[in-house]
Number of protein chains: 2
Amino acid sequence: MPPRNHGPYTTESVDDYLKAILELGGLAEERVTSNALAQHLGVRAASVTGMLQKLAAQKPPFVKYEKHHGVRLTAAGKMRALEVLRHHRLLERFLHDFLDYSWDEVHDEAERLEHFISEQLEDRIAAKLGDPETDPHGHLIPERSGALPAREEVLLSKWACGVAAVISSVSDRDPAALREMTRLGLKPGVAITVETGTRNASLRVRIGERSDSVRLSQMLASGISVIAGPNGRARNLLADSHEANQAESRLP
Amino acid sequence: MPPRNHGPYTTESVDDYLKAILELGGLAEERVTSNALAQHLGVRAASVTGMLQKLAAQKPPFVKYEKHHGVRLTAAGKMRALEVLRHHRLLERFLHDFLDYSWDEVHDEAERLEHFISEQLEDRIAAKLGDPETDPHGHLIPERSGALPAREEVLLSKWACGVAAVISSVSDRDPAALREMTRLGLKPGVAITVETGTRNASLRVRIGERSDSVRLSQMLASGISVIAGPNGRARNLLADSHEANQAESRLP
DNA sequence: TTTAAGATTTAGTCATGCCTAAACTTATAG
DNA sequence: CTATAAGTTTAGGCATGACTAAATCTTAAA
């Protein structure tokens, strides 16, 4: 009987690294540093270096790695990362729509399962859901081909005062924040306008049909991404294109 | 940041070992030898010994282990094994009923996922299914409490000729065999009578409403468990209670 | 331009879970 | 009641993926 652990890397670790590189580097495939990855993954920088070298040594390589200058996903690596991201978001939508999970509960379960569902199960889930475009937090689900449309999202905390906006997605990382958003009626599709706000304190915003306005902590506002509002082609004034890219890059 | 791999055993390996011990030792908790486990798990006997020692050293221990005399599950080990078995069978039923998996496809997917679903997901799936009692192959699903009713199953290959029987469950291990059974109309709940048969060759059986009889290979017959038929309290003549226990023990 | 701070990589260690080979039990046949 | 076969355990390795500590490279400030 041959050894089992001489094969290629098949662990969830690889998935986690690729996903992290995608999340930090964005679709633009910017270079990502070891330190950033270490922080994101909750691992020491030395561990990251080791793994990056292994990922670069794969055939085909998953990343292009230059010492001291970070990594960038190769086509293969990007494809794999997008597959895992598709799994994650499909699972979130499935857990939410079919198994009565609330949107603050789906992330952890999906995070675990995303590594282990087969392509067949992925397809069946997608079919059952009618090939959904977004997860419950509003994030776009990559297609099977790996296609993932770009969207000019901007963090609410960087959106100009007085300009109509619509919530496009919210971060799925903080369950307590998600519950708070539920309480306030903040979810993808809801119109929102910032009335006053500073970068360091809280914002005063008008939500949906509401006639009164509400205080929103900076933290909560940083978990909300918006796009130009329903009243025509309003353009965001504060965010330059770099910031917009940053926001788009912050994949959940 | 503390090391992550100094904690208790949390791998799927442990689950696999416990499940294997339950499957081989049956509910009666007979002792299981290292060799049997090695064969069942597809690993070397030496590897089994190592793991058994670790399982016995856990606190609380999952197994009671005496060298050269095999292992037996402790209460804790049995509970854990039944949990995993519940996951497996619930997942099979779920994949089959909700995601259009055929009964020959469910095993592999469930085998992988059973280790990673949370208690919450287990509960939601069970609720969605209406707390089913069996998986698609007819095997009983343990309750959350760990309760698993005993059932006096006998392999069809050991059932007496001429005595009416009903298929109670079929092995889920061989997809090709399952497809063949589908073709023949063999599934849990179907009445079946052995007309002639030897232990080494094929059986001739009458299936359900059918007026003609069908040849059944010994291999196929060994994957089918039956209980006393619908026409009253027929008692199996060939199988002694030991063999009956063996059949019951052969958990999938 | 030099240098110190910060980021990054190397080197060496550890736990897990598998392997092979060899030693050692237990059981069964002569 | 041995002796040999079968089953089991020990001993020594290896791959993976984490860790720490120390060395090295980059960058930005003096």
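Everything numeric here is computed off the predicted structure, so don't read it as measured data. Each chain gets a letter, A, B and so on, in the order the sequences are listed, and its residues count up from 1.
Remark: P of C/dT16 and CD of B/E12 are 15 Å apart, rounded to the nearest angstrom. B/L18 places its CG atom 12 Å from the P atom of C/dG17, with the value rounded to the nearest Å. Whole-Å rounding puts the B/Q53 CD to C/dG17 P distance at 14 Å. Regarding B/L52, its CG atom lies at a distance of 15 Å from the C1' atom of D/dT10, rounded to whole Å. In this structure, B/D16 places its CG atom 14 Å from C1' of C/dT16, rounding to the nearest Å. Rounded to whole Å, atom C1' of D/dG17 lies 15 Å from atom CG of A/L37. Whole-Å rounding puts the A/M51 CE to C/dT9 P distance at 15 Å. Computed from coordinates, the B/L41 CG to D/dT8 P distance equals 14 Å when rounded to whole Å.
Taking the centre and axis of the six-membered ring of A/F62, the NZ or CZ atom of A/R80 falls outside the cone set by 45° and 6.0 Å.
Qualifying salt bridge (Lys or Arg N to Asp or Glu O under 4.0 Å) partners for B/E109, counting only residues two or more places apart in sequence or in other chains: B/R112. Residues passing the salt bridge (Lys or Arg N to Asp or Glu O under 4.0 Å) test with B/D16, sequence neighbours excluded: none. Shown here are the salt bridge (Lys or Arg N to Asp or Glu O under 4.0 Å) partners of B/D123, two or more places apart in sequence or in another chain: B/R144.
Between A/H139 and A/H137, the two ring planes are tilted [angle within 30° to 60°].
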Detail all sub-3.5 Å separations between protein N/O atoms and N/O atoms belonging to nucleotides 5-8 of chain C.
from	atom 1	to	atom 2	distance (Å)
C/dT8	OP2	A/N35	N	3.1
C/dT8	O3'	A/H68	N	3.4

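Looking at the side chain of A/R44, the nearest of the listed nucleotides D/dC19, C/dT9, C/dT16 is D/dC19. Comparing D/dA18, C/dC19, D/dG17 by their nearest atom to the side chain of A/K54 picks out D/dG17.
Contact between the side-chain N/O atoms of A/S13 and the OP1/OP2 oxygens of D/dA18 is found at a separation under 4.0 Å. Neither OP1 nor OP2 of C/dT16 sits under 4.0 Å from any side-chain N or O of B/Y17.
Salt bridge B/D104/B/R179: present, at least one basic N to carboxylate O contact under 4.0 Å. Salt-bridge check for A/R173 with A/E23: passed, with a basic side-chain N closer than 4.0 Å to an acidic carboxylate O.
Within the helix from C/dT1-D/dA30 to C/dG30-D/dC1, the inter-axis angle between the opening and closing five-pair segments is 20°, rounded to 10°.
Pairs of residues two or more places apart, or lying in two chains, that qualify as side-chain hydrogen bond (donor to acceptor under 3.5 Å, both in side chains) and include a residue from residues 66-78 of chain A are A/E29-A/K78.
Ring pair B/H88/B/H107: centre-to-centre distance below 6.0 Å.
A residue-by-residue look at B/G50 and A/S47 shows that B/G50 has its nearest nucleotide of DNA chain D further toward the 5' end.
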